[in-house]
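Contents: one structure, followed by commentary.
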Amino acid sequence: MQWTFTLDQLPATAQQFWEYFADKQVFTLDGPMGAGKTTLVKALCTAKGVEDATASPTFSIINEYGYTDAGGQPRRIFHLDLYRLRDEDDAISAGVEDTLYQDAICFVEWPEVVSPLLPPGTIHLQLEVQPDQKRVLREIASSLK
């Protein structure tokens, strides 16, 4: 799947994303610095009904947000930014593995360091900036392991 959007179109794109990936929980986000990964996650959280302020987890590594699902049940979204982690051991020490295997939605920026830890069914996404400043979000793979 692929979406091309401007910043103004991001809320509608986020709704379409959740319609397409309604039953998926773990997503990796690949893209250069400044591509808008955190902005995308913020829009995806808003589309799920997160009311908390969302921010980049660059220094905290893991941010957690709450929302209520369509059935009225409390749910969580985790946003992980692994840019500062050196290796898999750092990730395990930071609680990344535990986070990935909870019954929650997880967005993982800079996922290379935890590739072996990703659960089956992980959706791998790529975000690119086009010359006209539009963004292209595409599914590049799904883990079947």
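Scope of the values below: all heavy atoms of this structure, side chains included, with no hydrogens, waters or symmetry mates.
Counting only heavy atoms from C-beta outward, the side chains of Leu117 and Ile92 approach each other to under 4.5 Å. Counting heavy atoms from C-beta outward, Leu137 and Leu40 have side chains that approach closer than 4.5 Å. Between Leu44 and Phe21, the closest side-chain pair of non-hydrogen atoms is not below 4.5 Å. For the pair Val96/Leu82, a side-chain contact is recorded, criterion being any heavy-atom separation below 4.5 Å from C-beta on. At least one side-chain heavy atom of Arg135 sits less than 4.5 Å from a side-chain heavy atom of Val129. Side-chain contact between Glu88 and Pro116 is present, with heavy atoms from C-beta onward closer than 4.5 Å. Taking the side chain as every heavy atom from C-beta outward, Leu80 and Thr99 approach each other to under 4.5 Å. A heavy-atom distance below 4.5 Å is not found between the side chains of Val41 and Thr54.
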One pair to check against side chain to side chain contact (heavy atoms under 4.5 Å, CB included): Ile123 and Thr28. What are the steps and the verdict?
CA-CA 6 Å; Ile123 303 297; Thr28 65; over 6 Å; no
Walk me through whether Ile61 and Leu85 qualify under side chain to side chain contact (heavy atoms under 4.5 Å, CB included).
CA-CA 9 Å; Ile61 299 174; Leu85 300 183; 3.6 Å; yes
Should Arg76 and Gln102 be marked as a side chain to side chain donor-acceptor pair (under 3.5 Å) after you check the CA-CA gap, both sets of side-chain angles, and the distance that decides it?
CA-CA 9 Å; Arg76 292 176 295 164; Gln102 293 191 34; 2.7 Å; yes
Side chain to side chain contact (heavy atoms under 4.5 Å, CB included) evaluation trace for Gln73 with Thr68:
CA-CA 5 Å; Gln73 297 299 310; Thr68 303; 5.9 Å; no
Derivation of the side chain to side chain donor-acceptor pair (under 3.5 Å) call for Thr4 and Gln9:
CA-CA 9 Å; Thr4 301; Gln9 296 166 329; over 6 Å; no
Given the rule in the ring-ring contact (aromatic ring centres under 6.0 Å, His included) test, do Phe27 and Phe17 qualify, once you have shown the distances and angles that lead to the verdict?
CA-CA 12 Å; Phe27 303 88; Phe17 178 95; 5.2 Å; yes
From CA spacing to verdict: side chain to side chain contact (heavy atoms under 4.5 Å, CB included), Val136, Gln2
CA-CA 7 Å; Val136 176; Gln2 176 175 308; 3.7 Å; yes
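Within the structure, salt bridge (Lys or Arg N to Asp or Glu O under 4.0 Å) pairs that include any residue of residues 31-43 do not occur (at least two apart or interchain). Among residues at least two apart or in separate chains, salt bridge (Lys or Arg N to Asp or Glu O under 4.0 Å) pairs with a member in residues 114-134 are Glu128-Arg138.
The distance from the NE2 atom of His124 to the CD1 atom of Ile140 is 7.5 Å, given to the nearest 0.5 Å. Rounding to the nearest 0.5 Å gives a distance of 10.5 Å between OH of Tyr20 and CG of Asp23. In this structure, the separation between OH on Tyr83 and CD on Glu112 is 11.0 Å, given to the nearest 0.5 Å. If you take CG on Asp30 and CG on Leu125, they are separated by 9.5 Å, rounding to the nearest 0.5 Å.
Salt-bridge formation is detected for the pair Arg75/Asp103: a Lys NZ or Arg NE/NH1/NH2 atom is positioned less than 4.0 Å from an Asp or Glu carboxylate oxygen.
When atom types are taken as modelled, the side chain of Thr122 and the backbone of Leu118 share no donor-acceptor pair closer than 3.5 angstrom. For Gln15 (side chain) and Ala12 (main-chain N/O), no donor-acceptor pair under 3.5 Å exists by modelled atom type.
Closest heavy-atom contact between Ala43 and Ala14: O-CB, 3.6 Å. Minimum interatomic distance between Tyr101 and Pro119 (heavy atoms only, all atoms of both residues): OH-CA, 3.2 Å.
Checked against the 6.0 Å centroid threshold, Phe78 and Tyr65 do not count as a close aromatic pair.
Every side chain to side chain contact (heavy atoms under 4.5 Å, CB included) that Gln16 has, sequence neighbours left out, goes to Trp3.
Between the side chains of His79 and Glu64, no donor N or O sits under 3.5 Å from an acceptor N or O.
Using a 30° and 60° split on the angle between ring planes, Phe107 and Trp18 fall in the perpendicular class, above 60°.
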